[in-house]
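For reference, the structure is listed below as structure tokens.
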Amino acid sequence: MTPTPRERLHLETGWRFRRVAPDQVDRALDYVPWPELGEAQDGKDADARPEQVRHDAAKTGLRPWILPGANPFLRDPARHTQRPDQQPPVAPDAADPALDDSDWQRVAVPHDWAIAGPFLVDGPHGGMGRLESWGVGWYRRELEIPVEDAGRSIHLDIDGAMSYTSVWLNGSLVGGWPYGYNSWRLDLTPHLVPGGRNLLAIRLDNPPRSARWYPGGGLYRNVWLVKTSPVAVAHWGTTITTPEVGAESAVVEIEVALENTGSDPVTVQVTTEIFEIPGSPAEHDAPAADGDPVENCVPVGQRALVERGAPVAPVARIEPVTVAVGPGAAARTAASARIDAPSLWGPPPTQHPHRYLAVTTLRRGEEIVDQVETPFGVRRIEFDADEGLLVNGERIRIQGVNNHHDLGALGAAFNERAAERQLEILREMGTNALRTAHNPPAPELLDLTDRMGILVLDEVFGSWYARKTDLDFHLIFEDWHEADLRAMIRRDRHHPSVILWGIGNEVGEQYTEQEGALVARRLVEIAHEEDPSRLTTTAMNYAKPHMPLPAEVDVIGINYQGEGIRQEPVFEGTDRIRTPPQYGRFREAFPDTPIMGSETSSALSTRGTYLFPVAEGQSNPARDGAGADDATCMVSAYELHAVDFGSTAEKVFASLERSPFVAGEFVWTGFDYLGEPTPYYSARSSYTGIVDLAGFPKDRFWLYRAHWRPGVPTAHLLPHWTWPGREGEVTPVHVFTSGDEAELFINGISQGLRAMQPGQFRLRWDEVVYAPGEVRVQAYRNGAPWAEDVMRTAGAPARLALAADRDRIVADGRDLAFLTAQVLDADGNEVPTADHLLHFTVEGPGTLVATDNGDPTDLNAFPSPERRAFSGKALAIVRGEAGATSSLRVILSTDGLESAEVVVELHR
């Protein structure tokens, strides 16, 4: 097969990095001069009305050179801006090719400049994770551009850079992009010297207090160098839709955008062939309703299929279309094809995430001048006001979570294996949907959701014109909202997992009546222009049915209002802002509009920490001495407490059962995340996750699994049963089960058989008196044994245990193994109160990347090889050296206990 002339090179290594000291920052290089900051604030006030602040566009900085990068995404030419003919008046030393950067730090990209710490112990930094992500940093590397590349078009693709990026090549400013979460491209061609030395320098500037959570810093996603012939498929230049989908056939419509950056007119033939991507049950196995795996798809390109000997006959083909493209001009082709008996993409366990690959080829005579591969899926997505979400005609209840973009101890630097591990853990719980709160994700995350069959609400903004923090996106919303929204949709529109476009989250425009509604209307119009096949939503925590904003979106997304804010029990100081359940009220006002819970629950807990007395009811505020401990900054893991504006899982379950027309929910949150550590802003990370920051499930995990996967036998006991000093005291025992009744035994003595009642989602034995020994629960379903769980009182710590999530990883410098460390007694029981200082050692061709334990108050830097066990556990993350073919050994030790080790094999 003739090789394609298109090259896409991963710029992973060879980077030098330096942070700029605050007193050395040249503010002439800022996108705009930042306004003066007000008094520092920390924490999230859900009831505060964001102040309306508009950016003064006259204060320019580098804005005149950067803003024209938005032009390709602005539909109205009158809004285009002209780049100045001259370079900026300031020539930064860091962009000078002659600068000696040998003393700069060597880094690989993706890179998060703040995640290594140290944590900031003092000051109002909890909201941003107590890690200094703000500031200015530079990245430099040389580009190898051989003389043979003369005449080619060469672009820089950045998947995400935090933030206000400016790119310099050979001392000249090329361009940039302010928003840290979007992907974008720059044309390097005019500034390159083929066969000569080419120095790429990238400046990033994270303003202080620009986020409400940990944003990370630096080139935290992948960076690519793309080389093409002058005439080529444009960036994100294929548009594939499936307007007709049925069991017998599907119509696939394909538009191809071409560009000619050369000086001569060119005529090309455009052909697209469609291949089916084969599934592989050995990878990404997904749990079915009965616990059996179903097949998923593996990403493979056409050439990879040839290499592995797989069938490569196309299932459909679009005959060549001849197109003439003038110099410096663009052109488009549009055609359609029919796939017989299509393999449909859909979520497990009832459907399969089948996918296709469109291979678009440009030819001049017999010469291939460009070739682009576009994976996509064939499926039918519908939202119905009565039925909710329909995928290929089947009603799918959304069992979703919100997730921020950080990967715990790895920070914002994207790693595919770390993201895959998160999705695997969530899928085991029964999660079938993900909301990218509150920004576009890394593109590889959507590759994973495509392959694993997880539905996605793809969200673009956390704020519009109204600010939430002093220096957030509101400063540049006027300039960049259209470009950012169109860029996200063009990048992500081919992912079959994406079912909705989210245009905003809890925006301040909820408070501005018609003015805010007009902003929403404009964003919806843009989304529909880019992608008429998907609907839009925005997440509303304030707007009520009688207000104008909800009428502007296609699907009504409600944050916390659906189940009611600050309902039972009522506590002092909140009567004035109680909000009764709103699902029914929105239904009455919008009977023909689909409704979903875009953000629900926001329950609080600290894994393995149980506080007494235990609250009654199922949704309680967390207060010192009543579900929380201000001295330790812990929240009880009985899973009965929530943030003041939220609810526990069970209250949401009951609300959704009373409102069957609601499409489902996205829980806040799937994983704990860095920043926003309500209710304790002296901590580093949140308390709202169903899974803690290290990836260890909290007890709530089994509550959701029991409810979301009712066909899977589940029985889970809490609390642990090691309570020295509580002998004879009341120690309630609760059970999460997918059974309909269960019997509890303490040291073999029955504590009674109890049955689930309507609206009940746990079984409680609140009168149990603690006695060391064994606690066991036997759950039943329809009178037959269904599932059981057993816990035993742990003895003195005796030894350590270490287990890897995978015993074989790829030696590419990116693949990771996640190792769970436990403190055990002599009988092998985990000691749930253990807090030993653990030490991790890696021997062989590998590196210890980070450690963690899930404790939101632990301010030990993540790269530390020492980590205290928290509730008996800790985590180590290791990777192998690129190119190694042997193995690495990880040794776990602590004073006074038997050590443990595990071997991880490396392969290419």
Side-chain angles (χ1 to χ4, degrees), residues 42-44 119 121-122 124-127 129-130 569 571-574 601-649 669 672-694 696-700 703 718-727 729-734 764 766 768 770 794 831-836 852-860 867-874:
D42 211 345
K44 175 182 177 182
F119 285 99
V121 177
D122 299 318
H125 304 301
R130 301 205 161 274
F571 49 92
E572 184 178 357
T574 64
S601 188
S602 200
L604 299 171
S605 61
T606 308
R607 178 184 56 81
T609 301
Y610 305 93
L611 304 178
F612 304 96
V614 176
E616 298 179 358
Q618 63 180 17
S619 193
N620 304 275
R623 295 291 185 270
D624 187 34
D629 184 346
D630 288 357
T632 61
C633 297
M634 300 293 172
V635 182
S636 179
Y638 270 97
E639 309 294 3
L640 293 168
H641 298 272
V643 298
D644 289 359
F645 56 84
S647 304
T648 55
T669 52
D672 279 340
Y673 56 96
L674 291 166
E676 283 195 312
T678 303
Y680 295 115
Y681 270 71
S682 61
R684 66 178 191 188
S685 53
S686 73
Y687 294 73
T688 59
I690 304 169
V691 182
D692 74 17
L693 197 73
F696 301 138
K698 303 178 185 179
D699 293 279
R700 207 180 331 149
L703 173 60
L718 66 148
H720 63 72
W721 209 239
T722 303
W723 295 103
R726 285 194 66 84
E727 291 82 359
E729 294 188 43
V730 172
T731 305
V733 175
H734 294 185
R764 302 175 62 142
D766 285 332
V768 168
Y770 175 67
V831 182
T833 58
D835 62 354
H836 295 67
D852 193 12
N853 56 15
D855 177 2
T857 70
D858 187 345
L859 300 184
N860 185 25
R867 181 73 51 184
R868 286 206 174 273
F870 178 69
S871 295
K873 284 187 173 70

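Quick caveat: nothing in here was measured; it's all calculated off a predicted structure.
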Using the test salt bridge (charged side-chain N to carboxylate O under 4.0 Å, His left out), find all partners of Glu729 that sit at least two apart in sequence or belong to another chain.
-> Arg726
Does the side chain of Tyr680 come within less than 4.5 Å of Thr606's, by heavy atoms?
-> no
Those residues that, when tested against Phe696, pass ring-ring contact (aromatic ring centres under 6.0 Å, His included) (two or more places apart) | none
Is there a donor-acceptor contact under 3.5 Å from the side chain of Arg700 to the main chain of Ala637?
-> no
Minimum heavy-atom separation for Ser647 to Ser619, with atom names?
-> CA-OG, 3.4 Å
OH-NE2 distance between Tyr681 and His125, expressed to the nearest 0.5 angstrom | 14.0 Å
Between the OG1 atom in Thr678 and the CZ atom in Phe645, the distance rounded to the nearest 0.5 Å is 6.0 Å
Please list, chain by chain and in numerical order, all residues satisfying salt bridge (charged side-chain N to carboxylate O under 4.0 Å, His left out) with Asp766, sequence neighbours excluded.
-> Arg764
Beyond-backbone contact of Val643 with Tyr687, side-chain heavy atoms, under 4.5 angstrom = no
Partners passing side chain to side chain donor-acceptor pair (under 3.5 Å) against Ser685 (at least two apart in sequence or in another chain) = none
Heavy-atom nearest pair, Ser636 first then Leu611, reads OG-N, 3.3 Å
Given side chains that start at C-beta, do those of Leu859 and Val121 come closer than 4.5 Å, heavy atoms only?
-> yes
Who are the side chain to side chain donor-acceptor pair (under 3.5 Å) partners of Tyr638, not counting sequence neighbours?
-> none
Short question: side chain of Ser686, backbone of Tyr673 - any donor-acceptor pair under 3.5 Å?
-> yes
Supply the atom-to-atom distance Asp852 CG to Arg867 CZ, rounded to the nearest 0.5 angstrom.
-> 5.5 Å
Here the salt bridge (charged side-chain N to carboxylate O under 4.0 Å, His left out) pairs for residues 601-610, sequence neighbours left out, are Arg607-Asp692
Heavy-atom nearest pair, Ala622 first then Leu604, reads CB-CD1, 4.0 Å
Taking ring-ring contact (aromatic ring centres under 6.0 Å, His included) as the test, write out the residues that go with His836, two or more places apart.
-> none
Are the side chain of Thr722 and the backbone of Ala794 linked by a donor-acceptor contact shorter than 3.5 Å?
-> yes
The reported gap from CG in Asn860 to CZ in Arg868 (rounded to nearest 0.5 angstrom) is 9.5 Å
Nearest heavy-atom pair of Pro719 and Pro732: which atoms, and what distance?
-> CD-O, 3.1 Å
Looking only at non-hydrogen atoms, find the nearest pair between Ser682 and Cys633 and report the distance.
-> OG-SG, 3.6 Å
Take His734 and Asp699, measure what side-chain contact (heavy atoms from CB on, under 4.5 Å) needs, and give me the verdict at the end.
-> CA-CA 10 Å; His734 294 185; Asp699 293 279; over 6 Å; no
So, Arg684 and Asp672, do they make that salt bridge, N to O below 4.0 Å?
-> no
Kindly indicate whether the side chain of His720, heavy atoms from C-beta on, has any atom under 4.5 Å from the side chain of Val831.
-> no
In Å, rounded to the nearest 0.5 Å, how long is the span from CG of Asp122 to CZ of Arg130?
-> 7.5 Å
Report the residues that fulfil salt bridge (charged side-chain N to carboxylate O under 4.0 Å, His left out) with Asp629, sequence neighbours left out, ordered by chain and then residue number.
-> none
Take Phe119 and Asp858 through the test side-chain contact (heavy atoms from CB on, under 4.5 Å) and record every step on the way to the result.
-> CA-CA 9 Å; Phe119 285 99; Asp858 187 345; over 6 Å; no
List for me each residue that meets ring-ring contact (aromatic ring centres under 6.0 Å, His included) alongside Phe870, sequence neighbours excluded, and say none if there are none.
-> none
Taking all non-hydrogen atoms of both residues into account, name the closest pair between Pro677 and Ala683 and its distance.
-> CG-O, 3.6 Å
Roughly how far, to the nearest 0.5 Å, is the CZ atom of Phe612 from the OH atom of Tyr770?
-> 10.0 Å
Between the side chains of Ser605 and Glu639, is a donor N or O closer than 3.5 angstrom to an acceptor N or O?
-> yes
With sequence neighbours left out, write down each residue that passes ring-ring contact (aromatic ring centres under 6.0 Å, His included) with His641, or none if nothing qualifies.
-> none
Going through the distances and angles, do Arg623 and Asp644 end up as a side-chain contact (heavy atoms from CB on, under 4.5 Å)?
-> CA-CA 10 Å; Arg623 295 291 185 270; Asp644 289 359; 3.0 Å; yes
Those residues at least two apart in sequence (or on a different chain) that pass salt bridge (charged side-chain N to carboxylate O under 4.0 Å, His left out) with Asp855 are none
Test side chain to side chain donor-acceptor pair (under 3.5 Å) applied to Thr688 - qualifying residues, sequence neighbours left out | Thr669
